[in-house]
Amino acid sequence: MEGGLFNPRTVEEVFGDFKGRRNGLIKALTTEVEDFYRQCHPEKENLCLYGLPSEQWEVNLPAEEVPPELPEPALGINFARDSMQEKDWLSLVAVHSDAWLLAVAFYFGSRFGFDKADRKRLFNMINELPTVFEVVTGAAKKQQKEKSSVSNHSSNKSKSNSKPEKYPKSQPEYEEEEVFDEESSTSRPPPPSPISQRRQGDSPGPSPRPPGPFPPRVTPEVVDLEDDSIPPIASIIEDFERCHLVPSIVGKYRGDVEFDEGMKALELLTLKTLSVARGLSLQGMDESHKMAGLVEAVGLRDKKLSDAEVARAQVLKERDDARLELRKAQDEIGIAKDEAKELKLELEQLKRDMESKIEGARVSAIEDFEKSEEMDRLKGEYTSGSYLRALKEA
């Protein structure tokens with residue numbers, strides 16, 4: 001969507017564009033993840049996460065033109081936000097973001113005609129940086145710690161190899177060198193060392209004490225068996241075989257020590273160690289099974305919670321619909337009441353008009369009757385009747 005603002009043309013410019021977009025995506029998925037999570041609402045349309053060359057980011061709709069000017073990132077990242085764990089969802093977005101970054105970088109490389117050497121140099125420069133997925137999941141820090149530990153181990157090992165020996169080495173009785181046969185080109189093994197000859201003998205004799213003063217006694221130090229900087233056992237034995245004190249010490253104390261009992265004790269200790277290790281492994285398996293059960297229980301609980309949320313949302317929607325219908329019914333009832341009042345007023349007005357018309361008709365009918373001949377005739381009959389009645393009474 002914003003590819004037309006900046007068009008890198010060299011390998012360094014494409015790499016700078018890659019780093020800017022990468023830093024923007026890392027910012028969206030780490031330090032500003034709350035804002036990114038809020039913008040990716042599942043009810044919105046298909047959204048994409050864009051990294052900008054200015055080390056910024058934006059969540060927006062895809063480009064409307066087809067085909068787009070730049071490769072488009074993953075479409076619809078907001079739909080899976082609530083159906084996944086937040087960590088898994090962010091890791092998925094980070095993987096798609098890595099793929100989009102590579103697509104954009106090599107799109108510029110193809111557009112501006114990078115040759116084989118330029119493409120290789122661009123890939124090597126990109127490959128030196130941790131991916132967005134490694135930064136989001138923390139794998140980059142682990143790899144950096146491992147590299148630092150390996151470098152420390154190699155430096156410690158070089159220091160241990162460069163330390164001077166405490167005791168001077170005696171001159172060997174012979175030179176250990178390989179003699180090659182010109183015809184077969186095979187090497188003959190060197191003659192056995194003095195300590196191996198003493199081990200093969202039945203009753204070794206005492207060895208002469210070396211001239212000169214004995215070295216001072218050194219207090220033994222506590223050795224960490226898990227330290228990788230300690231040289232292997234084979235090199236230690238080889239150093240002791242070369243020391244001129246070892247044959248005399250072995251010859252002096254070999255008759256007093258029963259090696260068979262020591263070997264038996266060592267075997268028992270080995271068996272105990274193996275049993276303890278086996279018990280620890282079984283305990284670890286039990287713990288892993290328990291952890292798997294807990295993970296499954298948590299997954300079931302999350303599923304139940306999601307189902308309950310869906311049901312709650314459905315109930316809330318039905319409640320809102322019922323409220324809308326109730327409001328509509330109340331509005332209709334109010335309208336009907338107003339219409340009934342108007343009709344009542346009209347009927348009362350019609351009643352009053354009818355009564356006034358009836359009264360006017362009655363009055364006019366009486367007046368017409370009084371003026372009619374029938375009224376005069378009735379008056380004459382009434383008058384004559386009254387006269388006759390009075391005459392009779394007289």
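Everything quoted here is computed from the prediction, not taken from an experiment. One is the number of the first residue; the rest follow in order along the sequence.
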*Going through the checks in order, is the side-chain contact (heavy atoms from CB on, under 4.5 Å) test met by Gln314 and Val310?*
CA-CA 6 Å; Gln314 185 66 26; Val310 172; 5.7 Å; no
*Could you walk me through whether Leu345 and Glu342 pass the side-chain contact (heavy atoms from CB on, under 4.5 Å) check?*
CA-CA 5 Å; Leu345 293 174; Glu342 292 177 358; 5.6 Å; no
*I would like to know whether Tyr50 and Glu72 meet side chain to side chain donor-acceptor pair (under 3.5 Å); could you show each step before the answer?*
CA-CA 9 Å; Tyr50 293 91; Glu72 288 291 331; 2.5 Å; yes
*Kindly determine whether Glu128 and Asn124 satisfy side chain to side chain donor-acceptor pair (under 3.5 Å), including the steps that lead there.*
CA-CA 6 Å; Glu128 290 296 324; Asn124 291 332; over 6 Å; no
*Test side-chain contact (heavy atoms from CB on, under 4.5 Å) on Leu122 and Arg119 and set out the steps.*
CA-CA 5 Å; Leu122 176 61; Arg119 291 195 302 271; 5.7 Å; no
_Asn78 vs Glu43, test: side chain to side chain donor-acceptor pair (under 3.5 Å). Steps then yes/no._
CA-CA 8 Å; Asn78 54 318; Glu43 294 183 358; over 6 Å; no
*asked:* Run Glu32 and Trp57 through side chain to side chain donor-acceptor pair (under 3.5 Å) and show every step you take.
replied: CA-CA 10 Å; Glu32 300 178 2; Trp57 60 274; 2.6 Å; yes
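Between Leu47 and Gln39, the closest heavy-atom pair is CD1-O, 3.6 Å. For the residue pair Phe114 and Val11, the shortest heavy atom distance occurs at CZ-N, 3.8 Å. For Pro73 against Cys48, the heavy-atom pair with the smallest separation is CG-CB, 3.7 Å. Nearest approach of Pro62 to Leu75, heavy atoms of both residues: CG-CD1, 3.5 Å. What you find for Arg121 and Glu12 is that their closest heavy atoms are NH1-OE2, 2.7 Å.
Under the 4.5 Å side-chain criterion, counting only non-hydrogen atoms from C-beta, Arg312 is in contact with Glu309. Side-chain contact check for Phe18 versus Ile126: some heavy-atom pair is nearer than 4.5 Å. Within the 4.5 Å cutoff, side-chain heavy atoms of Pro42 are placed close to those of Asp82. Between Ser97 and Leu49, some side-chain heavy-atom pair lies under the 4.5 Å cut-off. Residues Lys44 and Phe79 fail the side-chain proximity criterion, which asks for heavy atoms closer than 4.5 Å. Proximity of Pro68 to Leu70: side-chain heavy atoms (C-beta onward) are nowhere separated by under 4.5 Å. Taking the side chain as every heavy atom from C-beta outward, Met375 and Lys371 never approach each other to under 4.5 Å. A heavy-atom distance below 4.5 Å is not found between the side chains of Leu90 and Lys87.
Side chain of Lys27 to main chain of Glu55: a donor-acceptor pair is present (N/O by atom type, distance under 3.5 Å, no hydrogens or angles). With Glu134 contributing its side chain and Thr131 its backbone, the two residues share a donor-acceptor pair below 3.5 Å. Listed for the Ser356 side chain is a donor-acceptor partner under 3.5 Å among the backbone atoms of Asp353.
Salt-bridge annotation for Lys303 and Asp307: present, with a side-chain N of the basic residue lying under 4.0 Å from a carboxylate O of the acidic one. Under the 4.0 Å criterion applied to side-chain N and carboxylate O atoms, Asp338 and Lys341 are not assigned as salt-bridge partners. Between Arg21 and Asp17, at least one side-chain N (NZ, or NE/NH1/NH2) sits under 4.0 Å from a carboxylate O, which counts as a salt bridge. Here Arg362 pairs with Glu359 in a salt bridge; the nearest charged N to carboxylate O distance falls below 4.0 Å.
Remark: Arg81 qualifies as a cation-pi partner of Tyr37 under the 6.0 Å distance and 45° angle criteria applied to the six-membered ring.
For residues 297-350, there are no ring-ring contact (aromatic ring centres under 6.0 Å, His included) pairs, not counting sequence neighbours.
In terms of hydrophobic clustering, with Ile, Leu, Val, Met, Phe, Trp and Tyr side chains grouped at heavy-atom distances under 4.5 Å, Leu29 and Phe133 are assigned to different clusters. Transitive grouping of hydrophobic side chains (ILVMFWY, heavy atoms separated by less than 4.5 Å) keeps Val132 and Val95 in distinct clusters. Put simply, Phe123 and Met125 are part of the same group of oily side chains (I, L, V, M, F, W, Y) that touch within less than 4.5 Å, one to the next.
The distance from atom CG of Asp88 to atom CD of Glu86, rounded to the nearest 0.5 Å, is 10.0 Å. Taking CG of Leu52 as the start and CD of Glu58 as the end, the distance is 5.0 Å to the nearest 0.5 Å. Note that CG of Leu324 is 11.0 Å distant from CZ of Arg319, once rounded to the nearest 0.5 Å.
More than 12 heavy atoms of other shown residues, nucleotides or ligands fall within 6.0 angstrom of atom CD in Glu348.
A donor atom on one side chain and an acceptor atom on the other are found under 3.5 Å apart for Arg352 and Gln349.
Phe36 has its ring centre less than 6.0 Å from the ring centre of Trp89.
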